[in-house]
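Per chain, numbering begins at 1; letters A, B, ... match sequence-line order.
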Amino acid sequence: MFLKFKHEVKSALKSALDTTGYSIDDLYIEESAHSDLASSLSFRLASKYKQNPMTIAITIADAITIPENSLIDRVEVAGAYINFFVSKKFLNDTIYEIFEKQDSYGAGHGKGKAIIEHTSANPNGPLHVGHIRNSIIGDTLARILKKVGYDVEVQYYANDMGRQIAIVAWALDRFEFDRRKKTDHAIADVYIRANQELGDDPDLSQQIDEMMQKIELGDERMIERFDRATDLAISGITSTLERMNIHHDRFVYESRFVKDGEVADVLQELEGSGLAETIDGALTVRMPEFDKDLVIRRSNRTSLYVTRDLAYHRWKAEQCDRMIDVLGADHKLISSQLCYVLRVCGIKEPEIVIFEFVSLPEGSMSTRAGKFIPADDLLDQVEKQALVEVTKRRPDTGEDFRKRVSVPVGIGAVRYDIVKISPEKATTFDWESALDFDKLGAPFIQYSHARARSILRKTSGVPDSIDPSVLTGDAEISLVKQLARFSHVANTAASDLKPHIMAIYARELAEAFNQFYRLSPVLSAPDNLRDARIGLVECARIVLAGVLDVLGIDAPESM
RNA sequence: GGGCUCGUGGCUUAGCCAGGAUAUAGCGCCGGACUUCUAAUCCGGACGUCCCGGGUUCGAAUCCCGGCGAGUCCGCCA
C-alpha cells in the first residue's frame, strides 16, 4: 500500500510540475518524520530557476490536484518542503489488503530465479560465531527474496578438495577420531593437531602436496579419504544450521567441476583466447587493474580454489536471473578478481554481499589454531540463559512451557542480534552481551506477537468484516502505517541486499504494536470499535508473524 | 608500502550510495505507570565537537581532497 501511495504522490507531483512549467529529473521524494512522504524538489528548482524555494513550493503545492478516492489526504508546505499525508482510504485499504492476502501479505515484484550461496565454510571443523554471521545474513536474504517473489535456491559451495581438506584427510589416518563428539568438532580436533604437527616441516608438507595431486587426477582411494573428511564435517555443520532454521537446497561440491571437466574447459578457454598465459610454468591471468596477476593453474598442473570457483560461477550463471554470494571481508580481493575474469569472459557476475569480521576480544578467530567459539556453544549457552529468563518472567507456567519457549527465544535472539547490524560493520563477540536478554531485540518482537495472540485467544474469533474507519487514535493510525510498509521494506531489502533494514522494520513494527496495546484496550472497547480493534490486532499478528518468518525467527504463541 | 571497510552521546547502533526541516534506536543512568487484553511493556528526562582539517553547496553526518585511528587483504592457501 505504501508503494501505491508513493506512486500517487509521484504522479500528482509530476502533473503539478507540468502545469506550473517547472522541470526536474528527480522528484526527491523521501520518507519523513514530518509527514508520510516529503519532497525537497523546491530547493533544487530554486537554484535552477533563481527563485525563492518557498515560493516554488507553494506554487507547486497549489497546482497539485488530489483525485477522488486518493491515497493522498492532503498536501502541505513547510520550510519549502512539500509534505504529503496519507488518506483514510490508505489506512482502510491497508487493513483490507492484509485481511485478503493473509500470510502472503508483503509479497513484492521480484521475478525469476535467484541462486544465493552462503556459509560455504571449509569442512575442517564446526561453524564458529563468525561463520554464522554469513549463514544468518545469507538465510535472511534468501527469505527476503522469497518473500518478494523470487524462486530461490540456496547453495552451499563445499570445498572438498582444497589443501585444508587434504590436511584433514591426512590427520584422520594419523590421529584418533573422537567418536563421542559431534563429528564436526572431532574433525576440528584432528585438524588443529595436524597443523601443529605439520608446522614448517617440508617433508610432511610434501605429503599433503602429493595427496592434492592424486585427488586432482581422480585417484579413487584418495577421493574416498577426502569424501569421508568432508562428510563428517558437513553433517555436523548441517545440524548446527538446522538449529538456526537455516536450510540449504543444494550442496555443490568443488570436486565435481574437476571431475566433469568444467575446470579443464575454463582453463582451455582462457588459454585459447589468450586471456591467460604461462608464467614460470603456471597458467596466469594478467590483471592490470589489481597490480597482481592471478594464477589459475599451478606449475604442477593442479587447479586452485579460484579456478574451481570460476567453473562454479560459470555453471551457476546460466541457471538464474540473480546470482548472489555472501562472503567474508577476507574474500574481497579474490572475489573482485573472480568477477574480473568472468567479465572478460562475458559471463554474468555475481552480486556479492560482503560482511566484515567477527573477532574475539583477544583477536581474530582461526579454526586452524583452535582459536574460535563454536556456534553450537553459543546456541547452547543462549538457550540455557533463555530458560533462566523465561523462568524469571513466567513463574506461573510449568517446566514444559518454559523449555518449549526458551528454544525459539534463544535462537531468535542470536539471529536478530547478528542480522540487525549492517554487514559492513566489524564486530567483536563477547559472552556478556551475547547472553544479555535486556539488550537482545528478538524477544521484544516475539513478545508483541505473543501479546497479539493472547488477545485473539480471548475473543470468539476475528470478525469477517470490520469497519476500519473507527480506528482514529494516534496509536492505531501509526500501527496501520507501519503495517503498510512491509512490502516496501522487503523490496528495498531485496534490491539493495540489505537484510538489516528488515530487522529494523521488525523492531519499529513491534514498537508501534506495543504502543497501541498500551493505549487502546481491545476486549473492553464498545462493540464496533472492539471488532475493528480485533481486526487490527489480527493484521498486526499476521504482519509480525510474517516479519519474524522473513527473519527466520519462530513466533511463539505465548511467552 | 598499496587496496578495501569502518570511525555517530559512557557502550552498541540507524541514517551516508540517490546532500535538506529538531541526527535513529537500544543498553546503561535519572524519574513515572501494573485492582485494566502477559510490565520481555509503556511514558518522561539527562547525555552528541556525527574522528580531525580543508573544499564544493543556499544547505554537509551524508559528496570531494588531505590527515588520524581501528579492522582486513595483498600465496602456484582457501
Side-chain angles (χ1 to χ4, degrees), chain A residues 26 28 30 32-35 38 40 42-44 46-47 52-53 78-81 83 120-122 124 159 161-165 254 279-284 290-292 294-306 308-309 328-334 336 354-357 359 364 389-390 392-394 396-397 409 417 420-428 433 436-448 450-459 475 496 500-501 503-504 507-508 510-511 513-525 533-534 537 558-559:
Chain A
D26 191 315
Y28 295 95
E30 60 205 34
S32 163
H34 306 272
S35 59
S40 59
S42 36
F43 290 101
R44 332 276 159 167
S47 52
N52 184 334
Y81 286 86
N83 284 317
S120 300
N122 281 334
N124 55 9
N159 175 1
M161 60 179 300
R163 193 170 192 87
Q164 274 91 337
I165 304 314
E254 264 192 40
I279 300 173
D280 295 334
L283 192 63
T284 306
F290 296 94
D291 69 44
K292 189 77 201 163
L294 183 70
V295 172
I296 55 173
R297 188 179 61 212
R298 294 188 184 93
S299 47
N300 70 6
R301 309 290 289 179
T302 55
S303 62
L304 291 95
Y305 168 81
V306 71
R308 274 118 45 193
D309 215 13
D330 55 338
H331 281 69
K332 271 181 200 173
L333 177 61
I334 192 71
S336 53
I354 295 282
F355 67 95
E356 286 289 336
F357 265 57
S359 56
S364 50
E389 300 291 332
V390 177
K392 190 167 74 193
R393 294 165 210 257
R394 294 300 302 274
D396 57 310
T397 59
V409 168
D417 202 38
K420 73 173 184 201
I421 306 287
S422 180
E424 67 272 12
K425 223 91 162 181
T427 62
T428 305
S433 52
D436 184 346
F437 274 78
D438 291 324
K439 281 187 192 153
L440 298 168
F444 178 83
I445 303 154
Q446 291 169 314
Y447 184 65
S448 311
R451 279 179 142 182
R453 272 291 192 210
S454 171
I455 292 174
L456 295 167
R457 268 197 302 274
K458 293 189 167 66
T459 67
D496 294 356
H500 76 282
I501 69 172
I504 289 161
R507 197 205 68 228
E508 288 170 346
E511 198 169 53
F513 179 77
N514 282 326
Q515 284 161 353
F516 159 80
Y517 184 94
R518 185 60 66 183
L519 284 165
S520 320
V522 176
L523 301 176
S524 59
R533 284 183 176 165
I534 290 171
V537 171
S558 174
M559 66 182 277

I need the NZ-C1' distance between A:Lys439 and B:A25, as an integer number of Å. 15 Å
Side-chain N,O (A:Gln446) to OP1/OP2 (B:A40) below 4.0 Å: no
Who does B:U5 pair with, Watson-Crick or G-U, both distances under 3.5 Å? B:A70
Distance check: side-chain N/O of A:Arg298 vs OP1/OP2 of B:C77, anything under 4.0 Å? yes
Categorize A:Ser558 for me: base, sugar-phosphate, or nothing, with a 4.0 angstrom heavy-atom threshold over every strand shown. base
Looking at the side chain of A:Lys425, which of B:C37, B:G7, B:G28 is the nearest nucleotide? B:G7
Could you please name the option among B:G15, B:U5, B:C27 that lies closest to any side-chain atom of A:Ile501? B:G15
Could you tell me which nucleotide pairs with B:U62 by Watson-Crick or G-U wobble geometry, both distances under 3.5 Å, or answer none if nothing does? none
With a non-hydrogen cut-off below 4.0 angstrom, is A:Leu523 in contact with a base, only sugar-phosphate, or nothing? base
Is there a side-chain polar atom (N or O) of A:Lys292 under 4.0 Å from OP1 or OP2 of B:G75? yes
Could you tell me whether A:Arg393 contacts a base, only the sugar-phosphate backbone, or nothing, with contacts defined as non-hydrogen atoms closer than 4.0 Å? base
Between P of B:C42 and OH of A:Tyr517, the distance in whole Å: 12 Å
